[in-house]
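The basis for the numbers below is simple: all heavy atoms, side chains too, and nothing from hydrogens, waters or symmetry mates.
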Number of protein chains: 2
Amino acid sequence: MTTASASPTRNRRNRRAEILEAAARLFAARGFHGVPIEDIGAAVGISGPALYRHFSGKDALLSEMLLDVSSRLRESAVTVVTSSPGPAESLDALLAAHITFALEQPALITVHDRELGNVPERERRQIRRLQRLYVEEWVTVLAELHPSCPAARLRAATHAVFGLLNSTPHSAGELPAQHMRPLLHAMARAALTAAVKDR
Amino acid sequence: MTTASASPTRNRRNRRAEILEAAARLFAARGFHGVPIEDIGAAVGISGPALYRHFSGKDALLSEMLLDVSSRLRESAVTVVTSSPGPAESLDALLAAHITFALEQPALITVHDRELGNVPERERRQIRRLQRLYVEEWVTVLAELHPSCPAARLRAATHAVFGLLNSTPHSAGELPAQHMRPLLHAMARAALTAAVKDR
DNA sequence: CACGGATGTTAGTCATCGCTAACGTGCACC
DNA sequence: GGTGCACGTTAGCGATGACTAACATCCGTG
């Protein structure tokens, strides 16, 4: 039979993804510098230096992880906005997509906004750029809905909403996901509505 | 003249506070394990091992920092609630107090919800207890305002609002504090209101 | 003015960690 | 069926970092 593991590329991909996932969990729990490379290896059943067959170093691992998250978020935002009939629908879709991500990948979300400072300068700039673009997707949609509201305020409100949505890891287990999702959606929506009201 | 530095206790207190403050900034920026003890010393003008004259170790420093934050938050909540005429005023006062803290001590807030995992078991339990009590102050007030809403939902909503309020460090500089404060207050309030509506 | 404690210093120890080196093994492919 | 590459191993090196030891200095006090 043609084995499922025919292509070495396939295996390599899986291994890399597996490592990234395990590392995300560990980084989220103990911080980048708190996790020795040996522990990451152990978490996927290999040991220590074997990681260097897949990543050029610990920094590179973190960089790739954050770059991946940033571009996925950004990409999903672009997709979602361009395929919505209007700004109101865009906003709901942005909320839904972000909530899905936060609920399904709490570790990644955590690492994403904690460990940027430990990424080497070069790729940190890239990541920041993607994050900015992601925020701007939100701000653009909000600006369409509320043209009279200054952009700075919209940006601040967006960041605050990210804080709300990304708090998921902290309240893990408080509520099942199928209740959490609409709760977060409603709260974020209300917060944004309040933010653009000029009192 | 009686010198201001008469009591050694006084000096010691100041030094400890100074160290805790510097360490908070550094931990917030680079993570607990990312900050060598020498850097903390350097930040207050002494060098490295001199810290051991004030703290028994790096762990102890972190523990004291988080214990202090947790108990201050909790205490302020108790004070504020008991001195309010009713639950509605309590809620506003809780919001105001938390926002003040988040805006004035962004580093402490950051460390407070990132580094708990690096605190030794014993004091971690204490800190968790204080955090739980703080959350319960909020939940109690909310429950008075909305008796029909299940406590688990109120707890989840409270955590989400903390996420919103504590996101301040991320959006540092977006907006001046005198605009940020009412914005956060309005958003948090609206989010809570939305959370307790059962649609 | 000696004394002692609070508070610093520098030098050194020991553990840990990131990473490299050298080597083993299975598997695709000619 | 050898050959080479993907992927893993263990041993060890060099750097760093937490902490201790031994020694200096300031300063209030009997």
Side-chain angles (χ1 to χ4, degrees), chain A residues 1-23 26-27 29-65 111 115 117-121 123, chain B residues 1-23 26-27 29-65 111 115 117-121 123:
Chain A
M1 61 200 108
T2 60
T3 74
S5 60
S7 158
T9 302
R10 170 60 58 84
N11 282 336
R12 190 177 175 83
R13 284 249 173 106
N14 290 346
R15 197 49 127 183
R16 281 175 67 88
E18 203 183 349
I19 292 170
L20 284 167
E21 195 186 316
L26 292 169
F27 290 165
R30 285 156 29 202
F32 179 69
H33 292 291
V35 180
I37 250 177
E38 200 200 318
D39 289 13
I40 304 176
V44 299
I46 66 184
S47 240
L51 286 185
Y52 290 86
R53 301 292 171 193
H54 303 277
F55 298 92
S56 69
K58 206 186 171 190
D59 287 354
L61 206 168
L62 180 64
S63 296
E64 180 164 330
M65 193 161 107
V111 175
E115 304 291 0
N118 291 315
V119 173
E121 177 62 20
E123 28 280 277
Chain B
M1 63 202 113
T2 61
T3 75
S5 60
S7 157
T9 304
R10 169 61 54 87
N11 282 336
R12 188 176 175 82
R13 285 247 174 107
N14 290 346
R15 197 49 128 184
R16 282 174 67 86
E18 203 183 350
I19 291 169
L20 285 166
E21 194 187 319
L26 291 169
F27 289 165
R30 285 155 32 201
F32 179 68
H33 292 291
V35 180
I37 252 176
E38 200 200 318
D39 288 13
I40 304 176
V44 299
I46 65 183
S47 240
L51 286 185
Y52 291 86
R53 300 292 172 194
H54 303 276
F55 298 92
S56 70
K58 207 185 169 190
D59 286 356
L61 204 170
L62 180 64
S63 296
E64 181 165 329
M65 191 162 109
V111 175
E115 304 292 359
N118 292 315
V119 173
E121 176 63 20
E123 28 281 277

[X] side, atom [atom1]; [Y] side, atom [atom2] - distance, nearest 0.5 Å:
| X | Y | atom1 | atom2 | answer |
| --- | --- | --- | --- | --- |
| B:S47 | B:D39 | OG | CG | 9.5 Å |
| B:E115 | B:F27 | CD | CZ | 7.5 Å |
| B:R16 | B:F55 | CZ | CZ | 4.0 Å |
| A:F32 | A:N118 | CZ | CG | 6.0 Å |

May I have the distance from [X] (atom [atom1]) to [N] (atom [atom2]), rounded to whole angstrom?
| X | N | atom1 | atom2 | value |
| --- | --- | --- | --- | --- |
| A:N118 | C:dG18 | CG | C1' | 14 Å |
| A:E38 | C:dA15 | CD | P | 16 Å |
| B:I19 | C:dT7 | CD1 | C1' | 11 Å |
| A:R53 | C:dT20 | CZ | C1' | 10 Å |
| A:L51 | D:dT10 | CG | C1' | 15 Å |
| B:K58 | D:dT20 | NZ | C1' | 17 Å |
| B:H33 | C:dC17 | NE2 | P | 9 Å |
| A:I40 | C:dC19 | CD1 | P | 10 Å |

First encountered from the 5' end of DNA chain C, between A:S56 and A:G34 =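 Whichever sits nearer the 5' end wins; that is A:G34.
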Could you tell me whether the phosphate oxygens of D:dA6, OP1 or OP2, come under 4.0 Å of any side-chain nitrogen or oxygen in A:R15?
->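 It does not, given that no N or O in the side chain of A:R15 lies less than 4.0 Å from OP1 or OP2 of D:dA6.
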Hey, is the side chain of A:H54 poking within less than 4.0 Å of OP1 or OP2 on D:dG8, counting only N and O atoms?
->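 The answer is yes; a side-chain N or O of A:H54 sits under 4.0 Å from OP1 or OP2.
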Hey, does B:V35 reach any base, or is it just sugar-phosphate, or nothing, if we go heavy atoms under 4.0 Å?
-> sugar-phosphate
So what does A:G48 touch, heavy atoms closer than 4.0 Å: a base, only the sugar-phosphate, or nothing?
->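 If one applies the 4.0 Å heavy-atom cut-off, A:G48 turns out to touch nothing in the nucleic acid.
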Which nucleotide sits closest to the side chain of [X]: [options]?
| X | options | value |
| --- | --- | --- |
| B:Y52 | D:dT20, C:dG18, C:dG8 | D:dT20 |
| B:I37 | D:dA18, C:dC17, D:dT9 | D:dA18 |
| A:P49 | C:dA21, D:dC19, C:dC17 | C:dA21 |

Can you check whether B:S63's main-chain N or O pairs, donor with acceptor, with B:E123's side chain at less than 3.5 Å?
->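 No.
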